[in-house]
Amino acid sequence: MMSQEQNDLITRTGPKDPCGKLMRSYWQPAALVDELEGARPIRPVRLLGENLVLFRDETGRYGLIDRHCAHRGADLAFGRLEHGGLRCAFHGWLFDATGQCIETPAEPKDSKLCQNIRQRSYPVVEKSGILWAYLGEGAPPAFPELDCFVAPGTHTFAFKGHMACNWLQALEVGIDPAHASYLHRFFEDEDTSTAYGKQFRGASAGSDLPMTKILREYDRPIINVEHTEYGLRLIALREIDEERTHVRVTNQLFPHGFVIPMSTEMTITQWHVPVDDENCYWYAIFTSYSNPVDKQKMREQRLELYELPDYVSRKNRSNDYGFDPHEQQTATYTGMGTDINVHDQWAVESMGAIQDRTKEHLGSSDKAIVQYRRLLRAEIEKVGGGEKPMLFLDEANARSIQGPATMDGIGPTRGWETYWMEVDVKRRRGAPWTAPVPKEIADNVHRLTAAE
């Protein structure tokens, strides 16, 4: 349990909040590139409690500026893209992508009023299907050399989904290896050959055992947590027998992301981005180490659940997340269908808009959550003292963070410590694109043995 003051410290991300200052030290996903396709590339964006409007001008330059016009506060999300900028529909004031007012047409012809008018604006860059914004002060950091940023566009796919809750509880479900054996339990195993694009539905590397069977039958994982340069590494071990152990390696990517294996060929890098203190979006980049991603199939699968334009789940609190008591008795542990995103959404939204951590009781299986909260508090304090937080990189150090390595497979009970690294290295070396081998992994794997 923690005090209310401590809970507020690690959950609230407004401009004046200590955690908000930390979050503004990083590039934040603001929208999918797909959202600005079409004839009118303008989208309202609420990010870290700020109301903004995102647009692309005629030259292809992106702008992210204050949503309310500096003249009299009209909504620029209804503006017009004209003459190199976004024009307010109220009086025609025109703003370019930097927020500079370049025309005030209702004023006298010789007026210089516009020269002194500037909307608050933030830089935007496009990377791996996501538009990233930097809401902090000073020069933004460099992007780390994560696999999802290194892989070519043919081998990545980006998507997002809305959750009606605070960002922290959304993140914490992703660094909780124990929950998958219950929340995502299926009573029957499916054909793993049809598992493309679905998490926890394929077979683990090195076996033909479906993940659904492993999670269902081995529900007391041994969880190891290691501190890394990018956050935390989580290793969950489920012993199958004296000779074989299921090993799942995932990562917490500071400040609010994680990197997990989706299948033997694909990983998910996912961020939990505060819309405000009571809402968030998850943004995910799926990265393939073998074949190009079937983007059409991946998108169609996800649009079965999420409705555009706001990427809100069709199954939500208003319809009890599709709960079916008969299904709960016979097919799934939750009775909420087979999409694990719905399971996660129910779990985190059911805690309330902001989880009351003054009433929780953590166990030994929550060790990753405990370690992450300590790390979060330490980095909030660091930024409050004027220091740069972890993973705030300059160009010279961007390549120091690579990968990170993930794995989901069945290896030797004795020797799993190097086995998972060998599996990861083998996959990287076999990729059709140059997938970097993280130095810490390369230093421990001098040759391929068991995994080969």
| message | Over 60° means perpendicular and under 30° means parallel, so tell me whether Tyr134 and Trp27 are parallel, tilted or perpendicular. | response | tilted

| request: Taking all non-hydrogen atoms of both residues into account, name the closest pair between Phe95 and Ile117 and its distance. | output: CE2-CG2, 4.1 Å

| remark: Closest non-hydrogen contact found for Leu183 with Thr334 is O-CG2, 3.3 Å

| request: For Phe254 and Glu379, run side-chain contact (heavy atoms from CB on, under 4.5 Å): C-alpha distance rounded to whole Å, both residues' side-chain angles, the deciding distance at 0.1 Å, then the answer. | output: CA-CA 10 Å; Phe254 201 80; Glu379 296 304 308; 3.5 Å; yes

| field | Residues forming a salt bridge (Lys or Arg N to Asp or Glu O under 4.0 Å) with Asp424, sequence neighbours excluded | value | Arg427, Arg428

| query | Hey, is the main chain of Gly257 close enough, under 3.5 Å, to the side chain of Gln252 for a donor-acceptor pair? | reply | yes

| Taking the six-membered ring of Phe286, is the NZ or CZ of Arg302 close enough (under 6.0 Å from the centre) and on axis enough (within 45°)? | yes

| said: Please report whether the ring centroid of His179 lies less than 6.0 Å from that of His343. | reply: no

| CD1 of Ile369 to CG of Leu376: how many Å apart, nearest 0.5 Å? | 13.0 Å

| said: Please identify which of these residues, Glu360, Arg373, Arg12, Arg357, meets the side-chain hydrogen bond (donor to acceptor under 3.5 Å, both in side chains) condition with Asn7. | reply: Arg357

| said: Using modelled atom types and a 3.5 Å cut-off, is there a donor and acceptor pairing between side-chain atoms of Glu107 and backbone atoms of Thr104? | reply: no

| query | So, Glu327 and Thr332: side-chain donor and acceptor under 3.5 Å apart, yes or no? | reply | yes

| remark: Residues at least two apart in sequence or cross-chain that pass ring pair (Phe, Tyr, Trp, His ring centres under 6.0 Å) with Phe90, listed by chain then number, are none

| query | Between Tyr311 and Tyr306, is the gap from one ring center to the other below 6.0 Å? | reply | no

| task | Answer whether the closest heavy-atom distance between the side chains of Pro261 and Val249 falls below 4.5 Å. | result | no

| remark: For Cys280 and Ala170 the tightest heavy-atom approach is SG-CB, 3.8 Å

| query | Asn279 and His162: side-chain donor and acceptor closer than 3.5 Å? | reply | yes

| note | Residues Met336 and Lys315: closest non-hydrogen pair is O-NZ, 3.6 Å

| What distance separates Gln100 CD from Ile65 CD1, expressed to the nearest 0.5 Å? | 11.0 Å

| query | Do the side chains of Pro29 and Leu131 get nearer than 4.5 Å, heavy atoms only? | reply | no

| field | Smallest separation among heavy atoms of Ala284 and Ile268, with atom names | value | CB-CG2, 3.9 Å

| task | For the residue pair Pro18 and Glu381, establish whether any side-chain heavy-atom pair is separated by less than 4.5 Å. | result | no

| task | Please work out which of the three classes, parallel, tilted or perpendicular, describes the rings of Phe143 and Phe149, given edges at 30° and 60°. | result | perpendicular

| query | Should Arg43 and Pro309 count as side-chain neighbours, where that means a heavy-atom distance under 4.5 Å? | reply | yes

| said: If only side-chain N and O atoms count, and only distance matters, is there a donor-acceptor pair under 3.5 Å linking His272 with Gln169? | reply: no

| field | Atom pair OG1/CE of Thr267 and Met262 - distance to nearest 0.5 Å | value | 10.0 Å

| query | Taking the side chain from Asn166 and the backbone from Leu168, do they hold a donor-acceptor pair closer than 3.5 Å? | reply | yes

| query | Minimum heavy-atom separation for Ile102 to His83, with atom names? | reply | CD1-O, 4.0 Å

| field | Tyr62-Asp57 side chain donor-acceptor pair, cut-off 3.5 Å | value | no

| field | ring-ring contact (aromatic ring centres under 6.0 Å, His included) partner of Trp132, chosen from Tyr122, Trp271, Tyr26, Tyr283 | value | Trp271

| said: Can you tell me how the ring of Trp93 sits relative to the ring of His71, calling it parallel under 30°, perpendicular over 60° and tilted otherwise? | reply: parallel

| Would you call Leu48 and Pro15 a side-chain contact if the rule is heavy atoms closer than 4.5 Å? | no

| Excluding sequence neighbours, so at least two apart, what forms side-chain hydrogen bond (donor to acceptor under 3.5 Å, both in side chains) with Ser181? | Arg238

| task | Check whether any side-chain heavy atom of Leu36 sits under 4.5 Å from a side-chain heavy atom of Leu54, and report yes or no. | result | yes

| message | Side chains of Leu86 and Leu94, heavy atoms from C-beta outward: is any pair under 4.5 Å? | response | no

